[in-house]
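Reviewing the structure listed below.
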There are 2 protein chains.
Amino acid sequence: MRNPTLHDVARAAGVSYSTADRVLNGRGGVAMKSIQRVRQAIEDLGYRRDITAANLSRRRSYRFAAYVPPGDHGFFSAIRRAFLDQAEARAGQRITVDLRDELDGPPADCDCAVLAGAGQERIDALIAGDVPVVALVTDMPGARAYIGIDNLAAGRTAGRLHRIAHRGRHARVLPVMGSASLRDHRDRLAGMAEILGADSLLPPIEVRDNPDRMRDLLGQALRADPGITGIYSIGAGNRGLIPLMRDMGGNRPFVVLHELTPHSRAGLLDDLIDVVIDQKPAEEVACALDVMKAIADGETPGSVTITPAIFFKENLPGVPA
Amino acid sequence: MRNPTLHDVARAAGVSYSTADRVLNGRGGVAMKSIQRVRQAIEDLGYRRDITAANLSRRRSYRFAAYVPPGDHGFFSAIRRAFLDQAEARAGQRITVDLRDELDGPPADCDCAVLAGAGQERIDALIAGDVPVVALVTDMPGARAYIGIDNLAAGRTAGRLHRIAHRGRHARVLPVMGSASLRDHRDRLAGMAEILGADSLLPPIEVRDNPDRMRDLLGQALRADPGITGIYSIGAGNRGLIPLMRDMGGNRPFVVLHELTPHSRAGLLDDLIDVVIDQKPAEEVACALDVMKAIADGETPGSVTITPAIFFKENLPGVPA
DNA sequence: CGGCAAATGAAAGACGTCAATCATTTTCTT
DNA sequence: AAGAAAATGATTGACGTCTTTCATTTGCCG
């Protein structure tokens, strides 16, 4: 009943434990026919190495580095907190997470690194250093896996929400981007365009994820075009959006934005915004660590697409105690 | 640098390994002052028992039993599949899941059991047998933890969606329950009532999660009251709803229902329904197993509230390959 | 067939914890 | 203070794998 051990494999293959071990761990110096017999025995018995025992023996601890942009965008500080929480929670699993600003030096000696929404320069440096890299939030070429949401689908979702909210009426939705040069933001916009059609989608404005700029540019746009019936805020800086909606009172546009932060939560509760699409940073981070562990164990896990949560005023999760 | 071991703790406390072990594992026969010194040393060193080593030593394998109602409601068969998948995925973690119909005999000897949407009779039998029980999908008194969605919040969410969809117009929403005696269903209805108000919410019909009955009763209700602008299907049996919507063509009501199944997925894609609120069976099951493992390890984890996913046509996850 | 390299086997000591046994010390009782 | 009970210490062999060392066997070459 018990799972087969490497001893069982060796016995079944008719070789010694040493030889089975040499095959399993690729140490070389084994005749071809032995290799095949061991492989066959592994297959037959359905042997799976007990990773916990292996790690115990190797005194292996997983050393991960996480690069998260500095500053306190509500969102990235949630990511940062999630890494700290997870590091704490996984201490018993021999996992160490070294959390760093994306600005600092070359990667320390670690088993796998994760980059959250970082630029291409960083990943190049890491890859050059032979460290496998996982992309979080923002995909990037060269990454072994991407963990994050499908931004195109997110944009389509936002579009659908606007369509539902506009049922019957003609929609005029203003997209507010962080930057048109960010892949994520472009994808979201493209997704929305698929659903809304050109006549309903106004040209986007760019606020560089900056609340002040958001307040200025968006306020200006709303004054210039009183016929705007919807807003899709694609990036960050929504702190600047809230007071504008408060000023507009009862006939503000329908607002969809991204990431649940203290500000967007308050906005929902105060009926100043309508929908928040959240990519669940804690779950993303947990997922990223699982993937990194798998990579460190020599597996080749695929990318993980997080299904974003959609929050209204009514289904906000309780604040953690 | 390396994590402290129990040997380190013993040394720091000035006692032998045996004594430290007796304290840690509550074996008794230890003087109060030794207990305190060991506790203090554990605290000071930040000692955390290495669970992998412990499990290795105990040859511990977690034996779980999962009771899932028989039959192939799309939803419960997804739960069932999730258990099988997880059992497979966690074989390396020494976790065995014994999946059973809720009808069969008393609990086998196991570390923890999980009941998915079962009646009270079952849980009583299990609890009498000293097996800790976790409730999945449907909460029940006596369970050590509940893993599932907040049904009240789900109902409110559905209500909000209807309000968004009805903006301006007067809503007349027909709730379709499985059974008014199910706690989950009552909660969902109550949640919706909080948002919609009595004048917009019609009296519910009951279809007992049965597609045929759904087709008959709902069809009848729709013919009787052509002014229905929305449907909230609270339970199962939605297979019977789809063809009705197809028949109504362009001016069908706005439809919100629960659980992503092959049928509801097809309904979304064919524009026959609008929103699916899904409780993510796979995630729930994974979560339940984590909780059960924690319970088996002697921890006392809390309940977990799953945030339901909200699906439109546009953000459906790809079908697993 | 001698000699050399390659292949194999045997063994042992980690890793950190569990669990059990037995010997010894301390503490309490009367 | 003697004897019983309680507490402690010392030790050992698992658990399954890793890693290294050393001895032995096998195969191949000229």
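As the structure is a prediction and not an experimental result, all values here were calculated from the model. Side chains included, hydrogens not; waters and symmetry mates left out as well; all remaining heavy atoms used.
The backbone N or O of A:Pro69 sits less than 3.5 Å from a side-chain atom of A:Arg80, completing a donor-acceptor pair.
Within residues 28-40 of chain B, no residue has any heavy atom closer than 4.0 Å to DNA chain C.
Residues that satisfy the side chain to side chain contact (heavy atoms under 4.5 Å, CB included) test with A:Arg144, not counting sequence neighbours, are A:Pro132, A:Ile295. Contacts of A:Asp85 classified as side-chain hydrogen bond (donor to acceptor under 3.5 Å, both in side chains), with partners at least two apart in sequence or in another chain: none. Here A:Arg183 pairs with A:Asp187 under the salt bridge (charged side-chain N to carboxylate O under 4.0 Å, His left out) rule; sequence neighbours left out. Every residue two or more places apart in sequence or in another chain that forms a side chain to side chain contact (heavy atoms under 4.5 Å, CB included) with A:Pro281 is listed here: A:Phe75, A:Ala78, A:Ile79, A:Asp278. Applying the salt bridge (charged side-chain N to carboxylate O under 4.0 Å, His left out) rule to A:Glu283 yields the partners A:Lys280; only residues at least two apart in sequence or on another chain are considered. Among residues two or more places apart in sequence or in another chain, the side-chain hydrogen bond (donor to acceptor under 3.5 Å, both in side chains) test is passed with B:Thr305 by none. By the salt bridge (charged side-chain N to carboxylate O under 4.0 Å, His left out) test, B:Asp21 is found to be paired with B:Arg27, residues two or more places apart in sequence or in another chain being considered. Taking the side chain to side chain contact (heavy atoms under 4.5 Å, CB included) definition, one finds that B:Pro4 meets it with B:Asp8, B:Leu45, B:Tyr47, sequence neighbours left out.
Comparing the axis of the opening five pairs of the helix from C:dC1-D:dG30 to C:dT30-D:dA1 with that of the closing five pairs yields an angle of 30°, rounded to 10°.
The listed nucleotides are C:dT8, D:dT8, C:dA10; the one nearest the side chain of A:Ser18 is C:dA10.
Residue pairs satisfying the side-chain hydrogen bond (donor to acceptor under 3.5 Å, both in side chains) criterion with at least one member in residues 30-46 of chain B, sequence neighbours excluded, are listed as follows: B:Gln40-B:Asp44.
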Whether each nucleotide of nucleotides 12-19 of chain C has a protein heavy atom under 4.0 Å at its base (B), only at its sugar-phosphate (S) or at neither (-) is summarised, 5' to 3', as --BBBBBS

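At C:dT8, none of the side-chain N or O atoms of A:Ser16 fall inside 4.0 Å of OP1 or OP2 (strictly under the cut-off).
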